[in-house]
Amino acid sequence: MSPKLKVEHIRKAFPGVVAVNDVSFELGEGEVLALLGENGAGKSTLTKIICGALKPDEGRIIIDGKEQSFDSSYDAMKAGVGMVYQELSMVGSMTVAENIFMNRQPVNKLGNIRWRELYANTEAILKKFELNISPRTLVKTLSVGTQQLLEILKALSFSPKVIILDEPTSSLADTEIELLFRIIQNLKSEGYSFIYITHKISEVFRIADRIMVMRDGRYIGSKLINEVTERDIVTMMVGREIRDLYGIEQRSRRISEEYLFEAEDITAAGLYEHISFGVRRGEIVGFAGLIGSGRTEMALGLLGAHRVDSGVIRMHGKAINIRTPSDAIRHKIVYLTEDRKKYGLYLRSSVKANVIAPKLRSFSRYGFMKRKSVTEYAIGEVKKYSIATPSVDQKVINLSGGNQQKTLISMWMGIEPELLIIDEPTRGVDVGAKADIYKNIKAFADQGNGVVVISSELPELIGICDRIFVMHKGQIRGELKKEEFSEDVIMEMATGINSNYIQGSQCNEQR
Ligand SMILES: Nc1ncnc2c1ncn2[C@@H]1O[C@H](COP(=O)(O)OP(=O)(O)OP(=O)(O)O)[C@@H](O)[C@H]1O
Ligand SMILES: [Mg+2]
């Protein structure tokens, strides 16, 4: 059988980097090919070329035996290639229907949009993919996960032959991931082909027929899924063996008795209730829970970025008043966002400008910036967090997704917080960089600071935390000590089946 898609000798250079270096591969009909590689390996760039969003410097793209040259992603779509990008691109202030049919709404002879038809068409698509929302809903009112699913539906609504998904599950809840996998399975049996980019290697074994690995822009190899183990894949990706992802070997950290931070009976009606917990110096406390269980809202509440109706927050045993995020920063509490695009980085500025942003004052003297020390500091940070960039002057928007995450971490660590609240710390980050981030979080705690980690990846929480709280529907349902950690128990608590938490017990224990 001839392949659906054939890619030959693709090359693409940006100033300072060869993002894709002579890559060739084939994709069969009805095949799911997982495209893997470290942050910055060139996965997104390669697939953007295949879907017409970028022009290659060299190489050929052949679809159904016919060579294609795309001037835009619209061209590629017409030729049967659809792509769902890593970044969300829906317009929040428009409805679901308007977003899915953007620039191709049904119109009458006068050019007016036929709204009824638009909504009916959208309704049909939503139904086909089991999404239970109205076509008239404004996109900004939907969860990030649902928006991500809509992006996928939008691409599918063009009936492409080849569908490229770039980290599609990074912000999906478990049920949404199951739904996506069902959709892919169905379409696969109808002959659709997929290129599936992910950093979650366990997904690969559920969904892919074959894997292909890139490193530093180059094609490293391709293997059928039943010929490889997880460890083989990781070794292919990083070019070395990663044995101790969570740094368990060197873990005998000292946690003080003293509480650095305490939250007592924090409530924001409708979002979360009666939240009480403490973080000791040197301690890493995890928050598990399903997406929508209120963890992020709680963090934003503690931080003064969200309304809080009642409750007390203490730092060093003293009640403090946090009304705005800058109050929190003054008390040395920092929150690293799960949505780095929206709340975190200055995308159009350089890596240097971003990492020094919270420290600006310490670099100026008599109102002048000390340029040399700024550059030195930025170079040090790039090294410390292994941010892959040709130089500190590169714009952050040009960094790969995982390297943007590392930049965000460097930036906020720069203000030398005592309590770090970090939401989905390794979303979109490759295995090698994950190990680096865990090491940095631990080193930070070891200096006598406190950390709160909110994560949907249970192995991550289990691997790095000293204690884990489990939230369900806005309440803490469980508290687990290290020796009690188990994925099953956490899942039971997160879904509300099981609970070991007696309200108020935590703060009594603390007194
Ligand atoms: N528009 C651009 N201008 C300059 N450099 C770029 C641009 N786009 C990508 N790069 C660089 O090309 C390389 C490959 O980036 P790419 O986004 O393809 O990586 P990736 O494999 O998708 O990584 P991740 O897993 O982090 O998303 C990186 O070094 C990146 O900084
Ligand atoms: Mg990418």
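Heads up: numbering here begins at 1 and tracks the sequence. Counting starts at 1 for both ligands and their atoms, in listed order. This is a predicted model, so every value here is computed, not measured.
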| said: To the closest 0.5 Å, what do you measure between CG (L46) and CD1 (I164)? | reply: 8.0 Å
| said: Regarding T296 and D423, do their side chains bring together a donor and an acceptor under 3.5 Å, going by distance alone? | reply: yes
| said: Just checking K200: does its NZ atom have more than 12 heavy atoms from other residues, nucleotides or ligands closer to it than 6.0 angstrom? | reply: yes
| message | For atom 8 (N) of ligand 1, what is the closest protein heavy atom, and at what distance to 0.1 Å? | response | F14 CE1, 3.3 Å
| Does CZ belonging to R218 count more than 12 external heavy atoms closer than 6.0 Å? | no
| message | Are there over 12 heavy-atom neighbours, none belonging to K223, within less than 6.0 Å of that residue's NZ? | response | no
| query | Against heavy atoms of E167, which atoms of ligand 1 measure under 4.0 Å? | reply | 25 (O), 27 (O)
| request: Check each atom of ligand 1 against the heavy atoms of Q394 and keep those under 4.0 Å away; list them by number with element. | output: 4 (C), 5 (N)
| query | Can a non-hydrogen atom of G42 be found less than 4.0 Å from any atom of ligand 1? | reply | yes
| query | Hey, is there an N, O or S on N39 sitting under 2.8 Å from the Mg ion (ligand 2)? | reply | no
| message | Can you confirm whether more than 12 heavy atoms, excluding those of Y74, are under 6.0 Å from its OH atom? | response | no
| task | For atom 16 (P) of ligand 1, find the nearest protein heavy atom and state the residue, atom name and distance (0.1 Å precision). | result | T45 OG1, 3.5 Å
| Short N/O distance, under 3.5 Å, between N403 and ligand 1? | no
| query | How far is atom 27 (O) of ligand 1 from its nearest protein heavy atom, and which residue and atom name does that atom have? | reply | Q86 NE2, 3.0 Å
| said: Just to confirm my output: which protein heavy-atom neighbour is closest to atom 2 (C) of ligand 1, and how far is it? | reply: N398 OD1, 3.4 Å
| Just which atoms of ligand 1 are under 4.0 Å from any heavy atom in G401? | 24 (P), 26 (O), 27 (O)
| said: Can you tell me how far apart CD1 (I464) and CD1 (I422) are? Round to the nearest 0.5 Å. | reply: 8.0 Å
| field | Enumerated ligand 1 atoms positioned under 4.0 Å from heavy atoms of N39 | value | 23 (O), 24 (P), 25 (O), 26 (O)
| query | Quick check: are there more than 12 heavy atoms from other residues, nucleotides or ligands sitting under 6.0 Å from CG of D64? | reply | yes
| query | Given that the side chain starts at C-beta and the backbone is N, CA, C, O, which of these parts of E38 lies under 4.0 Å from ligand 1, counting heavy atoms, or is it both or neither? | reply | backbone
| remark: ligand 1 atoms nearer than 4.0 angstrom to some heavy atom of G402 are 26 (O)
| field | Nearest non-hydrogen partners of A328 and L303, listed with the distance | value | CB-O, 3.7 Å
| message | A quick test of your reading: do over 12 heavy atoms of other residues, nucleotides or ligands sit less than 6.0 Å from CG of N226? | response | yes
| request: Please report which non-hydrogen protein atom sits nearest to atom 29 (O) of ligand 1, along with the residue it belongs to and the distance in Å to one decimal place. | output: V17 CG1, 3.8 Å
| message | Taking 4.0 angstrom as the limit and counting only heavy atoms of S44, give me the atoms of ligand 1 inside it, by number and element. | response | 17 (O), 18 (O), 20 (P), 22 (O)
| note | of all protein heavy atoms, closest to atom 23 (O) of ligand 1 is G40 N, 2.8 Å
| Atom indices of ligand 1 within 4.0 angstrom of A19 heavy atoms, with elements | 12 (O), 13 (C), 14 (C)
| Which heavy atom of A13 sits nearest a heavy atom of D57, and at what distance? | N-OD2, 2.7 Å
| field | Numbered atoms of ligand 1 (with element) below 4.0 Å of L399, judged on heavy atoms | value | 31 (O)
| Close approach, H199 and ligand 1, non-hydrogen under 4.0 angstrom | yes
| field | Min heavy-atom dist M214 to ligand 1 below 4.0 Å | value | no
| remark: Distance col, row E424:CD vs E457:CD, nearest 0.5 angstrom, shows 7.5 Å
